[in-house]
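Just so we're clear, the structure is a prediction, and the values are computed from it rather than from any experiment. Count residues from 1 along the sequence.
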Amino acid sequence: MFRSLRRALCAVAAALLIPLGAVAQTAHAADAPGAAVAADAGAGYWHTSGRQILDAAGQPVRIAGINWFGFETGNYVVHGLWSRDYKSMIDQMKSLGYNTIRIPYSDDIFKSTTVPNSIDFSSGKNADLQGLGSLQILDKLVAYAGQDGLKVILDRHRPDAGGQSALWYTSAVPESTWIANLKALAARYQGQDTVVGIDLHNEPHDPACWGCGDTATDWRLAAQRAGNAVLSVNSALLIFVEGVQSFNGVSGWWGGNLMGVAQYPVQLDVANRVVYSAHDYATSVAQQSWFSDPTFPANMPGIWDKYWGYIFKQNIAPVWVGEFGTTLASTVDQKWLAALVSYLRPTSTYGADSFHWTFWSWNPNSGDTGGILKDDWVTVDTVKDGYLASVKAPGFPSTGGGSGGGGGGGGGSTAACAAVYTVSSDWGGGFNAEVKVTNTGTSALSSWKVAWTWSGSQQITNMWNATYTQTGTTVTAVNAAHNGSVPAGGSASFGFGGAPGGGSVPSVSCAAS
């Protein structure tokens with residue numbers, strides 16, 4: 001896309017809250033038939049087979065994730081840490097059913113003079129990040145994501161924090177630096193299979209070409225050089241290769257044109273490592289001719305087939321839509337997102353035989369798309385998140401402890417739960433709510449615990465079928481003696497009263513044993 005339009009608005013705006021009773025916050029995506037088996041998929045490093053991505057055991061997986069940006073900006077760290085603890089945000093991503101985090105960075109984070117900033121350490125937040133450099137903080141995020149059962153894709157987004165570049169190099173950051181830093185990341189996470197691959201460069205665009213043969217501008221040749229360099233350090237990583245803007249006179253989104261793959265595929269020294277990546281956006285980013293076609297949105301599958309979908313449909317390689325997003329402010333954008341989600345193939349029907357994706361973005365401060373979180377960095381945009389429900393996919397096995405994460409994470413793949421928070425009545429001065437806990441794992445639970453943080457001043461007044469503690473606006477509820485045991489696929493519920501009413505719907509996390 002036209003990166004200059006996607007500005008990062010670092011000032012945190014006032015939250016736009018939705019009525020508390022309007023929606024129930026779901027904390028788990030619909031799984032494919034046989035999800036008890038699929039939930040175990042994803043262990044180890046991954047490789048490709050035709051259009052699918054397979055785990056170390058040969059089981060197909062689906063990337064269904066979210067972009068969390070900031071390392072590529074002048075903050076030199078993911079955004080939102082000025083507001084929340086990083087672990088709570090990763091927990092929330094997991095609770096919403098995202099299984100992968102794409103983390104953009106710039107080459108500035110490799111400089112010894114770079115100092116991450118805008119991190120809140122008050123009240124114990126982000127305590128284990130204090131005094132660390134950008135790469136050390138990245139270590140912490142990777143380790144905790146792995147403990148939570150999420151995978152990570154590292155995205156070389158920009159040569160420096162100043163802005164996006166058309167080519168993979170600039171006068172200040174030559175190709176040699178780009179490749180050296182890619183190799184450094186591959187070495188840094190050697191043996192940590194939470195990091196499954198690297199997106200070599202974000203959104204190459206004119207004058208970048210595909211297959212033209214000019215080593216100074218041919219992105220396909222550069223991707224081969226960089227991909228082989230990464231694989232020389234860690235041959236188990238996936239190499240994610242984005243498209244360009246133009247091919248044979250046909251132009252599209254920055255990074256979104258993969259038409260050249262048919263004639264000029266990326267060929268690496270290690271087989272079964274290439275995943276092609278497209279970016280696709282709506283009118284809140286920029287206008288394109290297909291949005292004004294009289295047949296829109298029925299014309300969109302043909303557009304996507306032409307630019308990148310054919311690679312999947314012809315079983316050439318997996319395709320990952322690494323970025324797509326919108327403010328949803330216009331009817332056109334709403335129709336576009338609904339059509340794209342349908343094109344990506346619902347998990348319930350196709351399982352992991354589908355397109356892969358990471359939505360742009362987790363952050364609310366993407367100026368022309370907004371995010372899954374609203375401006376308070378806590379409240380979920382349930383409308384936007386709801387569009388993605390049918391293409392979310394099972395999470396992956398936890399790595400257990402990690403060298404960098406600290407603190408508790410997700411448990412193993414067999415003990416897992418999800419929680420749905422529903423308001424049954426709200427009279428302004430108070431409200432009643434119910435939380436339903438579902439065992440999403442493959443074995444019976446002996447106990448469960450759910451937690452949430454209100455964005456307002458709500459306080460629990462009474463609770464039934466669970467016990468609770470409340471510290472500030474954060475509530476933790478633990479099962480009662482009679483409803484802690486939940487069979488696989490079963491559920492338990494508890495209710496409570498609170499005051500005042502009229503607040504926002506919180507995100508709910510669930511832990512089980």
Find out whether Val142 and Gln192 are in side-chain contact, i.e. whether some heavy atom of one side chain is under 4.5 Å from a heavy atom of the other. yes

Distance col, row Asn272:CG vs Thr48:OG1, nearest 0.5 angstrom, shows 4.0 Å

Determine whether more than 12 heavy atoms belonging to other residues, nucleotides or ligands lie under 6.0 Å from atom NZ of Lys125. yes

When the aromatic ring centroids of Trp360 and His157 are compared, is their separation below 6.0 Å? yes

Please confirm whether the ring centroid of His79 lies under 6.0 Å from the ring centroid of Phe69. yes

Does the side chain of Tyr281 pick up a donor-acceptor pair with the side chain of Asp333 at under 3.5 Å? no

So, Arg84 side chain and Ser88 main chain: donor-acceptor pair closer than 3.5 Å or not? yes

Between the main-chain N or O of Leu96 and the side-chain N or O of Asp385, is there a donor-acceptor pair closer than 3.5 Å? no

Give, for atom CD of Gln52 and atom CD of Gln59, the distance between the pair rounded to the nearest 0.5 Å. 11.5 Å

Check whether the side chains of Thr453 and Thr474 place a donor and an acceptor atom closer than 3.5 Å, and report yes or no. yes

Backbone N/O of Ser513 and side chain of Ser446: donor-acceptor pair under 3.5 Å: yes

Kindly indicate whether the side chain of Asp199, heavy atoms from C-beta on, has any atom under 4.5 Å from the side chain of Leu154. no

Do Arg51 and Val319 touch side chain to side chain, with heavy atoms closer than 4.5 Å? no

Atom OG in Ser354, atom CD1 in Ile63: separation rounded to 0.5 Å? 12.0 Å

Close side-chain approach of Lys151 to Trp46, heavy-atom, < 4.5 Å: yes

Specify the closest pair of heavy atoms between Asp55 and Gly42, including all atoms of both residues, with the distance to one decimal. OD2-N, 2.8 Å

With side chain to side chain contact (heavy atoms under 4.5 Å, CB included) as the test, would you mind laying out the steps for Ile239 and Leu231 before giving the verdict? CA-CA 8 Å; Ile239 304 299; Leu231 293 171; 4.1 Å; yes

What's the verdict on side chain to side chain contact (heavy atoms under 4.5 Å, CB included) for Met89 and Leu81, showing C-alpha distance, side-chain angles and the deciding distance? CA-CA 9 Å; Met89 284 210 268; Leu81 302 190; 3.9 Å; yes

Among all residues two or more places apart in sequence or in another chain, which pass the ring-ring contact (aromatic ring centres under 6.0 Å, His included) test with Tyr276? none

Which atom pair, heavy atoms only, marks the closest approach of Phe396 to Ala41? CD2-O, 3.4 Å

Should Val475 and Val450 count as side-chain neighbours, where that means a heavy-atom distance under 4.5 Å? no

Rounded to the nearest 0.5 Å, what's the gap from OG1 on Thr100 to CH2 on Trp357? Could you check? 9.0 Å

Suppose we call two aromatic rings close when their centres sit under 6.0 Å apart. Are Phe496 and Trp452 close by that rule? yes

Step through it carefully: locate the ring centre of Phe121, locate the ring centre of Trp82, and say whether they are under 6.0 Å apart. no

Contact summary for Asn483 and Val486, nearest pair of heavy atoms: O-CG2, 3.8 Å

Would you call Pro104 and Phe71 a side-chain contact if the rule is heavy atoms closer than 4.5 Å? no

Donor-acceptor pair, distance only, cut-off 3.5 Å: does the side chain of Tyr310 make one with the backbone of Leu258? yes

When you compare the side chain of Leu373 with that of Asn363, does any pair of heavy atoms fall below 4.5 Å? no

Check the side chains of Trp68 and Ser361 for a donor-acceptor pair under 3.5 angstrom, ignoring hydrogens and angles. no

Steps toward side chain to side chain contact (heavy atoms under 4.5 Å, CB included) verdict (Thr476, Lys449): CA-CA 7 Å; Thr476 301; Lys449 177 174 66 176; 3.5 Å; yes

Can you confirm if the NZ or CZ of Lys392 lies within 45° of the ring axis of Tyr98 and under 6.0 Å from the centre of its six-membered ring? yes

Test side chain to side chain contact (heavy atoms under 4.5 Å, CB included) applied to Asn126 and Val77, Ile137, Asp85, the passing residue: Asp85

Shortest non-hydrogen contact between Gly429 and Ala499, atoms and distance: O-CB, 3.4 Å

Quick check against the 3.5 Å criterion: does Asn67 have a side-chain atom that pairs as donor or acceptor with the backbone of Thr358? yes

Pairing donors with acceptors under 3.5 angstrom, does anything connect the side chains of Gln92 and Ser507? yes

Checking Gln334 side chain against Leu328 main chain: does a donor-acceptor pair fall under 3.5 Å? yes

Going from CZ on Phe431 to CG on Asp426, what distance comes out if it is rounded to the nearest 0.5 angstrom? 7.5 Å

Side chain to side chain donor-acceptor pair (under 3.5 Å), paired with Tyr144, selected from Asp91, Thr399, Asp139: Asp91

Does the Thr461 side chain pair with the main chain of Gly497, one donor and one acceptor, at a distance under 3.5 Å? yes

Trp304 and ring-ring contact (aromatic ring centres under 6.0 Å, His included): which partner among Phe312, Trp253, Tyr343? Tyr343

Is there a donor in the side chain of Asn234 and an acceptor in the side chain of Arg188, or the other way round, less than 3.5 Å apart? no

Side-chain donor or acceptor of Asp120 paired with backbone N/O of Ser83 under 3.5 Å: no

Any chance you could lay out the side chain to side chain donor-acceptor pair (under 3.5 Å) test for Ser284 and Asp368, step after step, and finish with the verdict? CA-CA 6 Å; Ser284 62; Asp368 47 11; over 6 Å; no

For side chain to side chain contact (heavy atoms under 4.5 Å, CB included), just list the numbers for Phe494 and Trp448, CA-CA rounded to whole Å, side-chain angles, deciding distance to a tenth of an Å, and then say yes or no. CA-CA 12 Å; Phe494 67 93; Trp448 47 261; 3.5 Å; yes

I need the minimum non-hydrogen distance between Thr473 and Gly456, along with the two atoms involved. CG2-O, 3.2 Å

Exam field: side chain Ser504 to backbone Thr379, donor-acceptor pair closer than 3.5 Å: no

Distance from Leu129 atom CG to Lys140 atom NZ, nearest 0.5 Å? 7.0 Å

Val196 to Asp193 - nearest heavy-atom pair and separation: CG1-O, 3.5 Å

Counting only N and O atoms by type, is there a donor-acceptor contact under 3.5 Å from the side chain of Gln458 to the main-chain atoms of Ile460? no

Would you say Met300 and Leu340 make side-chain contact, with heavy atoms under 4.5 Å? no

Strictly below 4.0 Å, N to O, side chains only: are Arg156 and Glu72 in salt-bridge contact? no

